[in-house]
Amino acid sequence: MGHVGALQIDTAEPPELTWTIWEDAYEGKGYAIEAVTAYLAHVPKVDSFAEMLIRIENKNQRSLRLADRIGATRDEIAVAPHWMPTAVTLRLRVTNNG
């Protein structure tokens with residue numbers, strides 16, 4: 001169906017929060033927000049990072065809305081990575097809710 005989790009390509013940067021829905025039949029049903037929310041509730045219990053990056057293709061409105069819903073803010077000065085040159089970079093503060 002898809003995935004959610006942290007990816008750290010460059011250790012000089014915070015890890016990246018990634019999510020993907022692999023099949024169109026599962027898009028728009030709330031699975032991504034459910035998975036991301038559950039993951040973010042779990043992160044403070046197992047990892048020590050306080051911030052995550054999110055990189056989204058600038059035309060991916062669904063993912064941009066999801067990022068907004070979880071409180072990510074756009075990093076206006078971030079340079080898109082070479083492997084996703086049209087990406088928008090957002091930052092998300094990871095909080096310990098428990």
Side-chain angles (χ1 to χ4, degrees):
M1 172 185 292
H3 87 275
V4 63
L7 172 67
Q8 192 162 31
I9 294 173
D10 182 350
T11 57
E13 295 184 329
E16 183 177 344
L17 174 59
T18 66
W19 62 82
T20 303
I21 298 293
W22 294 323
E23 295 183 35
D24 291 344
Y26 298 118
E27 287 200 22
K29 299 187 183 303
Y31 298 131
I33 188 69
E34 183 178 347
V36 167
T37 302
Y39 175 77
L40 290 173
H42 185 65
V43 166
K45 298 172 187 168
V46 296
D47 288 311
S48 61
F49 46 85
E51 181 180 48
M52 296 183 84
L53 297 178
I54 302 171
R55 292 192 173 104
I56 302 171
E57 286 289 343
N58 63 2
K59 293 181 181 179
N60 186 338
Q61 291 302 308
R62 280 188 170 154
S63 284
L64 289 169
R65 281 192 302 271
L66 191 157
D68 185 57
R69 286 178 68 186
I70 62 171
T73 57
R74 191 176 285 218
D75 184 336
E76 299 292 344
I77 61 171
V79 176
H82 68 86
W83 44 267
M84 192 187 298
T86 59
V88 172
T89 299
L90 302 104
R91 292 184 178 270
L92 178 68
R93 184 98 181 118
V94 178
T95 60
N96 187 344
N97 296 322

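Keep in mind it's a predicted model, so treat the numbers as computed, not measured. Scope of the values below: all heavy atoms of this structure, side chains included, with no hydrogens, waters or symmetry mates.
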S.K.: Please report the shortest heavy-atom distance between Ala80 and Pro85, naming the atom on each side.
M.R.: CB-O, 3.4 Å
S.K.: Name the one of Val94, Thr18, Leu7 that satisfies side chain to side chain contact (heavy atoms under 4.5 Å, CB included) with Met52?
M.R.: Val94
S.K.: Give a yes or no on whether Tyr31 and Leu66 share a hydrophobic cluster (residues Ile, Leu, Val, Met, Phe, Trp, Tyr; joining criterion: side-chain heavy atoms under 4.5 Å apart).
M.R.: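 As far as the 4.5 Å side-chain criterion goes, Leu66 and Tyr31 are not connected within one cluster.
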S.K.: So which of Leu90, Ile70, Leu53 actually passes side chain to side chain contact (heavy atoms under 4.5 Å, CB included) with Leu17?
M.R.: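 Single side chain to side chain contact (heavy atoms under 4.5 Å, CB included) partner of Leu17 among Leu90, Ile70, Leu53: Ile70.
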S.K.: Mark yes when over 12 heavy atoms from residues, nucleotides or ligands other than Tyr26 sit less than 6.0 Å from its OH; otherwise mark no.
M.R.: no
S.K.: Which ILVMFWY residues are connected to Ile77, directly or by a chain of links, through side-chain heavy atoms under 4.5 Å apart?
M.R.: none
S.K.: Report the residues that fulfil side-chain contact (heavy atoms from CB on, under 4.5 Å) with Glu27, sequence neighbours left out, ordered by chain and then residue number.
M.R.: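 For Glu27 the side-chain contact (heavy atoms from CB on, under 4.5 Å) partners, ignoring immediate neighbours, are Ile21, Asp24, Arg62.
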S.K.: So, for Gln8 and Glu13, which heavy atoms are closest and what is the spacing to 0.1 Å?
M.R.: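 It is NE2-O, 2.7 Å.
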S.K.: Kindly compute the distance separating OG1 (Thr86) from CD1 (Ile56), expressed to the nearest 0.5 Å.
M.R.: 11.5 Å
S.K.: Roughly how far, to the nearest 0.5 Å, is the CG atom of Leu64 from the CZ atom of Arg69?
M.R.: 13.5 Å
S.K.: Would you say the side-chain atoms of Glu16 pair up with the backbone N or O of Gly5, donor to acceptor, closer than 3.5 Å?
M.R.: no
S.K.: Apply salt bridge (charged side-chain N to carboxylate O under 4.0 Å, His left out) to residues Arg91 and Glu51 and explain how you reach the verdict.
M.R.: CA-CA 7 Å; Arg91 292 184 178 270; Glu51 181 180 48; 3.2 Å; yes
S.K.: Walk me through it: do His3 and Tyr39 pass the test side-chain contact (heavy atoms from CB on, under 4.5 Å)?
M.R.: CA-CA 10 Å; His3 87 275; Tyr39 175 77; over 6 Å; no
S.K.: Measuring from Lys29:NZ to Glu34:CD, what's the distance to the nearest 0.5 Å?
M.R.: 13.5 Å
S.K.: For the backbone of Ala50 and the side chain of Arg93, can you confirm whether one donor and one acceptor N or O come within less than 3.5 Å of each other?
M.R.: yes
S.K.: In the structure I gave you, are the side-chain heavy atoms of Arg55 and Val88 within less than 4.5 Å of one another anywhere?
M.R.: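 They are not in contact (no side-chain heavy atoms under 4.5 Å apart), so the answer is no.
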S.K.: Which value, rounded to the nearest 0.5 Å, describes the distance between Thr20 atom OG1 and Met1 atom CE?
M.R.: 13.5 Å
S.K.: Is there a path from Ile9 to Leu92 through hydrophobic residues (I, L, V, M, F, W, Y) whose side chains come within less than 4.5 Å of each other?
M.R.: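 No; Leu92 is not reachable from Ile9 via cluster members.
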S.K.: Are any non-hydrogen side-chain atoms of Phe49 and Pro14 less than 4.5 angstrom apart?
M.R.: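 Side-chain contact under 4.5 Å: no.
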S.K.: At what distance, to the nearest 0.5 angstrom, does CG of Asn58 lie from OG1 of Thr89?
M.R.: 11.0 Å
